[in-house]
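One structure below.
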Amino acid sequence: MSAKNEGSKEKQGSFWKELPILIVIALVLAFVIKTWVVQAFYIPSKSMEETLLVGDRVLVNKLVYQVRDIKRGDVVVFNGSGSWDEGETVVVEEPTNPVSRLFTWVGQQLGVQPTGKDYIKRVIALPGDTVACCDAENRVTVNGVPLDEEDYLFPGSAATETEFGPVTVPEGRVWLMGDHRAISYDSRLHQNDPGEGSVAIDSVVGRAFVIVWPLDRWGTLPIPDTFEKLNDETAEGKKSASGSDVGGEPDLASAPVAAAALPFAPLALGTAAAVPLHLGGRRAQRALRRRFRKSHAEDSGD
């Protein structure tokens, strides 16, 4: 057998030995990315129609609220454990087979399957706001300002608005509602719960900023114009109080990486980083071994 063939077989064998290591590195990096940076979420219910449809996958920016505060009109994902675990809860059957359980968990982390405890709604009011329904034209009001929501609500939603309030949103909490008002089990229907229907800001996972699947539904999730005046007033108030500009949010949705993102973004990024990271580790190990051998040889020569 030629030396060339032997070298080729050794390389093939080395690849198969290192493949499990690369897979583990990719999964660890994907877990880190989805935990702290961006994560895909599966839309399991009709409560946000027609902004979001059942089966849509959205990317959620988990860093944005480290840069700026939550704004009225943001579409947010939040954890409802302990307070919103009824009404719209999606029951996820736990697989009995360990292999199936692993694939279910991976699917949930990548936004391919619902988790059963995470919800997605639109922020209507912030801490200290007074929210109510309805005015003479059947509109929701925030601090007395009526919201013109026809552009994003499910058709006919205005006619089905349920009267509530006025409710003053407690500190550290937000008032959330779905875009399909007739069927959304949101803050309006949780007014007897702690927080009077509001949700703790600490429970907010991040802001949904783009639909990435299916491809024919790709699009960003901007803040509707009707919230602009209210948000501008809040920003001006904070600017005056602090004496400086309030930080903005990077436009991730229009960036090339966001445009190419898919529900498997964390895994794809983890996989892309795994190979150079592993190769870098191997080079470092070889350098250390060479240095050790050189040092050992010098000591032996002495």
Side-chain angles (χ1 to χ4, degrees), residues 40-60 70-78 80 84-91 111 114-126 129 131-142 145-165 167 169 174-191 197-199 204-231 253 263:
F41 280 88
Y42 173 91
I43 306 302
S45 75
K46 299 180 178 181
S47 69
M48 282 294 293
E49 290 179 335
E50 295 181 324
T51 303
L52 299 171
L53 306 180
V54 174
D56 283 353
R57 274 75 164 179
V58 297
L59 286 185
V60 173
I70 295 175
K71 292 183 179 180
R72 304 174 190 87
D74 280 347
V75 176
V76 298
V77 169
F78 64 99
W84 281 33
D85 284 347
E86 71 275 346
E88 289 181 359
T89 299
V90 176
V91 178
T115 63
K117 63 180 180 180
D118 292 314
Y119 301 84
I120 187 164
K121 303 289 182 190
R122 190 180 298 277
V123 178
I124 301 297
L126 300 177
D129 284 347
V131 58
C133 189
C134 307
D135 69 355
E137 297 181 33
N138 224 40
R139 296 175 296 183
V140 173
T141 63
V142 178
V145 178
L147 301 178
D148 294 317
E149 303 182 277
E150 294 86 354
D151 290 343
Y152 61 86
L153 289 186
F154 185 84
S157 284
T160 63
E161 289 284 14
T162 303
E163 291 188 9
F164 67 87
V167 176
V169 182
V174 288
W175 185 271
L176 307 175
M177 294 170 66
D179 289 353
H180 193 165
R181 298 287 161 79
I183 64 172
S184 179
Y185 201 84
D186 50 38
S187 288
R188 300 168 299 167
L189 302 178
H190 285 278
Q191 293 185 67
S198 61
V199 171
V204 175
V205 175
R207 181 192 173 204
F209 66 99
V210 62
I211 303 170
V212 293
W213 191 264
L215 293 178
D216 60 358
R217 293 258 312 141
W218 188 92
T220 59
L221 297 169
I223 296 176
D225 292 340
T226 189
F227 294 97
E228 187 173 333
K229 180 181 178 182
L230 286 164
N231 287 334

Given side chains that start at C-beta, do those of K71 and I223 come closer than 4.5 Å, heavy atoms only? yes
What pair of heavy atoms forms the shortest contact from V212 to W218, and how long is it? CA-CD1, 3.9 Å
Residues which pass ring pair (Phe, Tyr, Trp, His ring centres under 6.0 Å) with F227, listed by chain and number, not counting sequence neighbours: none
Residue from H180, E50, E150 passing side-chain contact (heavy atoms from CB on, under 4.5 Å) with P155: E50
Please assess I124 against E149 for the test side-chain contact (heavy atoms from CB on, under 4.5 Å), listing each intermediate value before the final yes or no. CA-CA 11 Å; I124 301 297; E149 303 182 277; 4.0 Å; yes
To the nearest 0.5 Å, what is the distance between CD1 on I120 and CG on L52? 5.0 Å
Side chain of T226, backbone of D148: donor and acceptor closer than 3.5 Å? yes
Any non-hydrogen side-chain atom of T162 less than 4.5 Å from a side-chain atom of C134? no
Closest non-hydrogen atom pair between G55 and P214, with its separation: O-CD, 4.5 Å
Check step by step if side-chain contact (heavy atoms from CB on, under 4.5 Å) holds for L221 and I211. CA-CA 7 Å; L221 297 169; I211 303 170; 4.1 Å; yes
Hey, is the main chain of V123 close enough, under 3.5 Å, to the side chain of D74 for a donor-acceptor pair? no
Within the side chain of R217, is there an N or O that forms a donor-acceptor pair under 3.5 Å with the backbone of D56? no
Judged by atom type as modelled, is there a donor-acceptor pair below 3.5 Å linking the side chain of R122 to the main-chain atoms of M177? no
What's the shortest heavy-atom distance between V142 and R72, and which atoms? CG1-NE, 4.1 Å
I want to check something: taking the side chain as every heavy atom from C-beta on, are L147 and R139 in contact at a cut-off of under 4.5 Å? no
Taking the side chain as every heavy atom from C-beta outward, state whether F41 and V205 have any pair of such atoms under 4.5 Å apart. yes
Mark yes or no for whether D186, through its side chain, and G178, through its backbone, hold a donor-acceptor pair below 3.5 Å. yes
Looking at S187 and L176, would you say the former's side chain and the latter's main chain have a donor-acceptor pair under 3.5 Å? yes
Any idea how F78 and Y119 line up, ring-wise: parallel (<30°), tilted (30 to 60°), or perpendicular (>60°)? parallel
Given 3.5 Å as the limit, does a donor-acceptor pair link the side chain of Q191 with the main chain of R188, or not? yes
If you define the side chain from C-beta out and look only at heavy atoms, does anything of L153 sit under 4.5 Å from E161? yes
Provide the closest heavy-atom pair for V58 versus A208 in the form atom of the first, atom of the second, distance. CG2-CB, 4.1 Å
Would you call V169 and L126 a side-chain contact if the rule is heavy atoms closer than 4.5 Å? no
Check whether any side-chain heavy atom of T220 lies under 4.5 Å from a side-chain heavy atom of F209, and answer yes or no. no
Determine whether S184 and K121 make a side-chain contact, defined as any pair of heavy atoms from C-beta on separated by less than 4.5 Å. yes
Here the gap from F164 atom CZ to L189 atom CG, rounded to the nearest 0.5 Å, amounts to 10.0 Å
